[in-house]
Amino acid sequence: MSWALALYSALTWAGQPLLRHKLRQRAQAEPGYGLKVEERFGHYEPESLGRDGAGRWIWIHAVSLGETRAAAILIDALRAQWPDMRLLLTHGTATGRAEGARLLRHGDLQVWLPWDTRAAVERFVQQFRPAVGLLMETEVWPNLIAACRAHGIPLALANARLNAHSLDKALKFPALSMPAYQSLAAVWAQTQGDARRLRALAAPVRAVLGNLKFDVLPDAGQLAQGAQWRQRSARPVVMLASSREEEELFIAALRRLGEKALKVQWLVVPRHPQRFESVALALQAAGLRVSRRSEWLGAPPRAQAQAGEECLWLGDSLGEMPMYYAMADAALLGGSFAPLGGQNLIEAAACGCPMLVGPSTFNFAEAAELACAAGAAHRVADLDAGLQAALALVHDVPARTAAVAHCLEFAQAHRGAARATAQAVDELLRSSRR
């Protein structure tokens, strides 16, 4: 063991009490964090759990909600390839685990991925002994990777992405990061830019296969519901999508818009469920009348166009983004108007919702640039410019019709990653058994 891995292992071991404290705190707002806590430390009860699938598990780690949704389309492609596949699905967040539960079939198993101590990951590997492991997108854990390599378990990074900021951070600790990336059995990158940055960390990039999220088809029922509810507004609907600590900026920009703000029905959908209540309170404190999705009796209230009747819709629900995108004539990309790196706009494009993108998109830089080049999105300097651009777009019928078409064309043009990744997994598994 290198000195860097030894030091990292000591720090993760020492950090276990802090993790327990954090889980207790998070469980107060999200009870899912209090579920089966000992699994987080590599203790799975009963001890025989998963042993019947040893050597056969196709293990996928999808840390959070977004990764789990990307994993869902890959799981479908893997099942088409191996109808009798035994799936071992692991997560790190409560929302990821709740979403992942919907993907399980008889014989599958879902547990927490343990905290990255040497002892915990060793117990995990010894207990389940998967045939192959797939880490979704960015989840590189040094002890986990070392344990899989020691036990001969091929471990790949699928749908892999690495932005410039994360590369800079990793290069500050090359003695730890580079051996971890180098020890992966394979890496399948989303874009050429991701591949270039991953290779800078010595990762074995085998191919650039695209982004799995392009293969996710929006739920047709939700699209129909959203389109139906859109008709309840006498005004165009503009959404702040997957907002992250930007609501105060949004409120201030809305106020500066003045009477023009009443030309639009505004919809705010926070990214994280634990913030639903605080966002509602912040909007109400600003003098806005808020109608919450959780309180709608069958449909949103009909919006009034008269001054003084400004009512903002709040999307405080999980798993309904296709419906919200179908309700919106245009959307502002959350996380891009503060230095947070933005969110993925692929789902918006697949739903035919044009996006206004702020200056901060380092988390999905290439996807954002491609979307803007295709006419599916438009970059603006700040939130004030975003609101003005949204107003102009939703009141220009030909321009919005063209933007919707560009969205759908952009989404269609980039599909195919799921099938290619499933084939790559098959090749990796075959080569590991030779």
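- The ring-ring contact (aromatic ring centres under 6.0 Å, His included) check on Trp82 picks up nothing, with sequence neighbours excluded.
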Original post:
Can you check ring-ring contact (aromatic ring centres under 6.0 Å, His included) on Phe410 and His406, steps first, answer last?
Top reply: CA-CA 6 Å; Phe410 170 69; His406 292 322; over 10 Å; no
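- A salt bridge does not link Glu246 with Arg271: none of the charged nitrogens is closer than 4.0 Å to a carboxylate oxygen.
- Evaluation of the side-chain contact (heavy atoms from CB on, under 4.5 Å) rule for Ser183 yields Ile145, Arg149 as partners, not counting sequence neighbours.
- Cation-pi contact between Arg20 and Phe41: present, with separation from the ring centre below 6.0 Å and deviation from the ring axis of at most 45°.
- For residues 199-208, the set of pairs meeting the salt bridge (Lys or Arg N to Asp or Glu O under 4.0 Å) definition, not counting sequence neighbours, is empty.
- In this structure, the side chains of Val394 and Val238 come closer than 4.5 Å at one or more pairs of heavy atoms.
- Listed by first then second residue, pairs satisfying salt bridge (Lys or Arg N to Asp or Glu O under 4.0 Å) with a partner in residues 378-404 read Arg256-Asp384, Asp329-Arg400, Glu369-Arg379, not counting sequence neighbours.
- The side-chain tip of Arg40 does not point at the ring of Trp115 from less than 6.0 angstrom away and within 45° of straight on.
- Judged as a side-chain contact (heavy atoms from CB on, under 4.5 Å), and not counting sequence neighbours, the contacts of Ala202 are Met178, Gln182.
- Rounded to the nearest 0.5 angstrom, Leu18 CG and Leu23 CG are separated by 11.0 Å.
- Not counting sequence neighbours, the partners of Phe124 by the ring-ring contact (aromatic ring centres under 6.0 Å, His included) test are Trp59, Phe128.
- Ser9 pairs by the side-chain contact (heavy atoms from CB on, under 4.5 Å) definition with Met1, Leu5, Arg118, Asn143, not counting sequence neighbours.
- Under the side chain to side chain donor-acceptor pair (under 3.5 Å) criterion, Thr401 pairs with no residue, sequence neighbours left out.
- Checked against salt bridge (charged side-chain N to carboxylate O under 4.0 Å, His left out), Arg102 has the following partners two or more places apart in sequence or in another chain: Glu99.
- Residues Leu262 and Arg235 form a side-chain contact, since some pair of their non-hydrogen atoms from C-beta on lies under 4.5 Å apart.
- Applying the salt bridge (Lys or Arg N to Asp or Glu O under 4.0 Å) test to residues at least two apart or on different chains, the pairs with a partner in residues 153-180 are Glu137-Arg161.
- Figure legend: cation-pi geometry between Arg415 and Phe214 absent, as NZ or CZ is not positioned both under 6.0 Å from the six-membered ring centre and within 45° of its axis.
- Considering only residues two or more places apart in sequence or on other chains, Ala418 meets the side-chain contact (heavy atoms from CB on, under 4.5 Å) condition with Ile73, Ala77, Leu212, Asp215.
- In this structure the side chain of Val425 reaches within 4.5 angstrom of the side chain of Trp188, judged on heavy atoms.
- Side-chain atoms of Gln222 come within 3.5 Å of backbone N or O of Gly319 as a donor-acceptor pair.
- For Arg24, there are no side chain to side chain donor-acceptor pair (under 3.5 Å) partners two or more places apart in sequence or in a different chain.
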